[in-house]
Amino acid sequence: MSDKLFIFDTTLRDGEQSPGASMTKEEKVRIAKALERMRVDVIEAGFPIASSGDFESVQAVAREIKESTVCGLARALDADIDRAGEALKPAASGRIHTFIATSPIHMERKLRMSPDEVVKQAVRAVERARRYTDDVEFSAEDAGRSEIDFLCRIFEAVIAAGATTINIPDTVGYNVPEQFGAMVGRAIEGTPNADKAVFSVHCHNDLGLAVANSLSAVINGARQVECTINGLGERAGNAALEEVVMAVRTRQDVFPCETGIDATRIVPSSRLVAGITGFSVQPNKAIVGANAFAHESGIHQDGVLKHRETYEIMRAEDVGWSANRMVLGKHSGRNAFRSRLQDLGVAFASEEELNAAFQRFKTLADKKHEIYDEDIQALVTETNLEHSVNERIKLVSLRVCSETGETPEANVTLWVNGEEKRGSAPGGGPVDAALKAIESIVDSQTELLLYSVNNITTGTDSQGEVTVRLERGGRIVNGQGADTDIVIASAKAYINALNKVVTAAERGHPQGPEL
Ligand code: KIV
Ligand code: ZN
């Protein structure tokens, strides 16, 4: 009989720890909904004590999500646990995840605590967390460099105190598969009350082994894997959810367990996370990279045409790759649009937002005859972005002249705090000129950390999807915009990021000058 392998997604917590991947509350809720739809078992929504923004995000996710367990992270400290318990109050099913370091180097150099003190604090934390919920996870931070006997000792104590999940993190990505799997097996065997908890792993990718280590742990008895969409996460990232899920599913001859994941939601979720964070997916990335199912060599193409399984171990459609399908056109009405949105799992908070998205669809259909699912997703993203930030700045019009041998020049009209303002600027190229023209009006004093553009579908009439990352006063934000004209898409993305900078300043994040 096959066991259940629980999938614990930490895109919103460890994933957000990737420098530059910070997300707004509304973006986190959108990703959480995509994870719920994918049937992720546990969504780690944040670290409530870290900031009021983190607290509010965990609370908002806890309010919205009904089918997955929502988890909040807490150090083994009373204040952290109370804050997590508070944030999770609205959850249909809430988990507190508390941790303390167990490796000699962390205990001696960072915590300056003896092993006995660490066990005592861990037990106290679990007991306190149990006041809020029956679902308590304990993590032994840097377990990958901890002594096995000490791990078994602390695990026995925290399970006795009420922990129901025991997590073994390879915090620094130091372990290698055979050794890590053996260690997990020994930890389970050596913990007398191991049968009262689910053993979990949380692997970082510093040596490129996070997925391999996680899978080795599963073979040795782990029944929860902590992972992130696209392998996002601190430093080199965490184990990639899509790779873990598809390895277990494809190699049922090796893994004695199954996940409950709806794999067809993998690619749409990957795109959503890439779009929101601005961390685009490399083309050769397993499962979700653009080339993951593309056969370039003639021998491979011939083989696949004759018998698909000659070179394909998974079907692209099983992980959510759909051939670009023309779903709607210029003459499609509001009902067809709404019904396509329902098929895509998109629900708007209000009729007003649906109407705004439909207007965008009509404008796009005038410019682009074939509208694909990806186009619809992009315009939904835009509508959500517009409603999720306080739009202090809006693009009214943009005109850019670009000619061989001439310096491009942009003229822009913006609406800033209810007033129409005009600006113009030359630039190295049309995009540069457009962004400089915007800056000639707002003087944001931000630094541009990233500018990236991807085509949403294929063909020269495809919409370009632009992500920009701006920094001001230590606060980093991402902005997105899509349009068939990439200069306009760039201006929209830049303005979206500027609005987020303003919103962050208003919420009391480190401030720069007022816009
Ligand atoms: O990497 C790590 O050890 C963590 C813990 C908080 C689980 O992220
Ligand atoms: Zn981690």
Below 4.5 Å, heavy atoms only, C-beta onward: do Phe47 and Glu16 meet side chain to side chain?
no
Candidate pair Val466 and Ser452, rule side-chain contact (heavy atoms from CB on, under 4.5 Å), full reasoning
CA-CA 6 Å; Val466 174; Ser452 82; over 6 Å; no
Could you tell me whether the side chain of Ile168 reaches within less than 4.5 Å of the side chain of Met183, counting heavy atoms only?
yes
Determine whether Arg223 and Pro256 make a side-chain contact, defined as any pair of heavy atoms from C-beta on separated by less than 4.5 Å.
yes
Using salt bridge (charged side-chain N to carboxylate O under 4.0 Å, His left out), reason through Glu36 and Arg39 one step at a time and then give a plain yes or no.
CA-CA 5 Å; Glu36 179 184 45; Arg39 298 205 290 265; over 6 Å; no
Any chance you could measure Tyr132, atom OH, to Leu88, atom CG, to the nearest 0.5 Å?
10.5 Å
Quick check against the 3.5 Å criterion: does Thr69 have a side-chain atom that pairs as donor or acceptor with the backbone of Val42?
no
Counting N and O atoms only, with roles assigned by atom type, does the side chain of Thr98 sit under 3.5 Å from a partner on the main chain of Ala74, one being a donor and the other an acceptor?
yes
Hey, which of Asp135, Asp134, Thr133 is the one that makes side-chain hydrogen bond (donor to acceptor under 3.5 Å, both in side chains) with Arg95?
Asp135
So, Asp485 side chain and Ile488 main chain: donor-acceptor pair closer than 3.5 Å or not?
yes
All heavy atoms of Ala239 vs all of Val244, minimum pair found to be CB-CG2, 4.3 Å
We want to know whether Gln224 and Glu226 form a side-chain donor-acceptor pair, criterion being a heavy-atom distance below 3.5 angstrom.
yes
Count the heavy atoms of every other residue, nucleotide or ligand shown that sit under 6.0 Å from CZ of Arg145, and state whether that count exceeds 12.
yes
What distance do Arg340 atom CZ and Ile371 atom CD1 have between them, rounded to the nearest 0.5 Å?
13.0 Å
Checking Arg13 against Asp54 for the salt bridge (charged side-chain N to carboxylate O under 4.0 Å, His left out) test, could you report, in this order, the C-alpha distance in whole Å, the side-chain angles of both residues, the deciding distance, and whether it holds?
CA-CA 9 Å; Arg13 198 278 297 170; Asp54 250 55; over 6 Å; no
Take Leu272 and Arg30 through the side-chain contact (heavy atoms from CB on, under 4.5 Å) test and state the conclusion after the steps.
CA-CA 9 Å; Leu272 179 68; Arg30 283 177 57 216; 3.3 Å; yes
Donor-acceptor contact below 3.5 Å, side chain Ser146 vs main chain Leu151:
no
Value rounded to 0.5 Å, distance of NZ in Lys25 from CG in Leu12
14.0 Å
Charged N to carboxylate O below 4.0 Å: is that the case for Arg469 and Glu447?
no
Is it true that Asn175 and Asp170 share a donor-acceptor pair across their side chains at a distance under 3.5 Å?
yes
Minimum heavy-atom distance between Ala240 and Val211, given as atom pair plus value:
N-CG2, 3.5 Å
Heavy-atom donor-acceptor pair, Thr250 side chain to Met246 backbone, under 3.5 Å
yes
Whether the Tyr174 and Asp142 side chains hold a donor-acceptor pair (N or O, under 3.5 Å, no angle test) is what I'd like checked.
no
When you compare the side chain of Cys227 with that of Phe8, does any pair of heavy atoms fall below 4.5 Å?
no
Start with the C-alpha gap between Met38 and Leu241, add the side-chain angles, then the distance that decides, and say whether side-chain contact (heavy atoms from CB on, under 4.5 Å) holds.
CA-CA 11 Å; Met38 207 200 298; Leu241 178 147; 3.8 Å; yes
Output for pair (Ile393 CD1, Asn496 CG), nearest 0.5 Å, gives 10.5 Å
Greater than 12 external heavy atoms within 6.0 Å of Ile105's CD1
no
Salt-bridge criterion met for Lys285 and Glu243 (N-O under 4.0 Å)
yes
Applying salt bridge (charged side-chain N to carboxylate O under 4.0 Å, His left out) to Asp41 and Lys4, what does each step give before you reach the verdict?
CA-CA 11 Å; Asp41 299 289; Lys4 165 102 191 244; 2.7 Å; yes
Do you know the tightest heavy-atom contact between Met314 and Phe293?
O-CE2, 3.5 Å
Between the side chain of Glu471 and the main-chain N/O of Gly474, is any donor-acceptor distance below 3.5 Å?
yes
Which heavy atom in Ser462 sits nearest to a heavy atom in Asn455, and how many Å separate them?
OG-CB, 3.5 Å
Taking NZ in Lys110 as the centre, count heavy atoms belonging to other residues, nucleotides or ligands within less than 6.0 Å. Is the count above 12?
yes
When you measure from the centre of the six-membered ring of Phe99, is the NZ or CZ of Arg75 under 6.0 Å away and within 45° of the axis?
no
Are the side chain of Ser103 and the backbone of His106 linked by a donor-acceptor contact shorter than 3.5 Å?
yes
More than 12 heavy atoms of other residues, nucleotides or ligands under 6.0 Å from CZ of Arg235: yes or no?
yes
Taking the side chain as every heavy atom from C-beta outward, state whether Glu439 and Leu498 have any pair of such atoms under 4.5 Å apart.
yes
Check whether any side-chain heavy atom of Phe180 sits under 4.5 Å from a side-chain heavy atom of Val201, and report yes or no.
yes
Residue Glu178 excluded, over 12 heavy atoms near CD under 6.0 Å
no
Is any side-chain heavy atom of Ser139 closer than 4.5 Å to one of His97?
yes
Indicate whether the side chain of His204 and that of Thr171 have a donor and an acceptor atom separated by less than 3.5 Å.
no
Donor-acceptor check, side chain of Gln480 to backbone of Gly275, threshold 3.5 angstrom: yes or no?
yes
Quick one, Gln463 with Asp375, criterion side-chain hydrogen bond (donor to acceptor under 3.5 Å, both in side chains). Give me CA distance, side-chain angles, the key distance, then yes/no.
CA-CA 7 Å; Gln463 291 195 86; Asp375 292 312; 3.1 Å; yes
Is the backbone N or O of Ile266 less than 3.5 Å from a side-chain atom of Ser270, with the two atoms forming a donor-acceptor pair by type?
no
Dump the intermediate steps for side-chain contact (heavy atoms from CB on, under 4.5 Å) on Val468 and Leu448, then the final yes or no.
CA-CA 7 Å; Val468 299; Leu448 180 69; 4.0 Å; yes
Pair Thr228, Asn238: side-chain N/O donor-acceptor within cut-off below 3.5 Å
no
Before you tell me yes or no, could you show the steps for Glu137 and Thr165 under side-chain hydrogen bond (donor to acceptor under 3.5 Å, both in side chains), namely the whole-Å CA-CA distance, both residues' side-chain angles and the distance that decides it to 0.1 Å?
CA-CA 5 Å; Glu137 172 167 334; Thr165 302; 4.6 Å; no
Taking the side chain as every heavy atom from C-beta outward, state whether Thr467 and Tyr451 have any pair of such atoms under 4.5 Å apart.
no
Kindly say whether Asp14 contributes a backbone atom to a donor-acceptor pair with the side chain of Thr10 at under 3.5 angstrom?
yes
With Tyr494, which of Val442, Asn499, Thr446 fulfils side-chain contact (heavy atoms from CB on, under 4.5 Å)?
Thr446
Measuring from Leu232:CG to Asn205:CG, what's the distance to the nearest 0.5 Å?
11.5 Å
Which value, rounded to the nearest 0.5 Å, describes the distance between Asp80 atom CG and Asp78 atom CG?
9.0 Å
In terms of side-chain geometry, is the basic nitrogen of Glu27 or Lys500 positioned less than 4.0 Å from the acidic oxygen of its partner?
yes
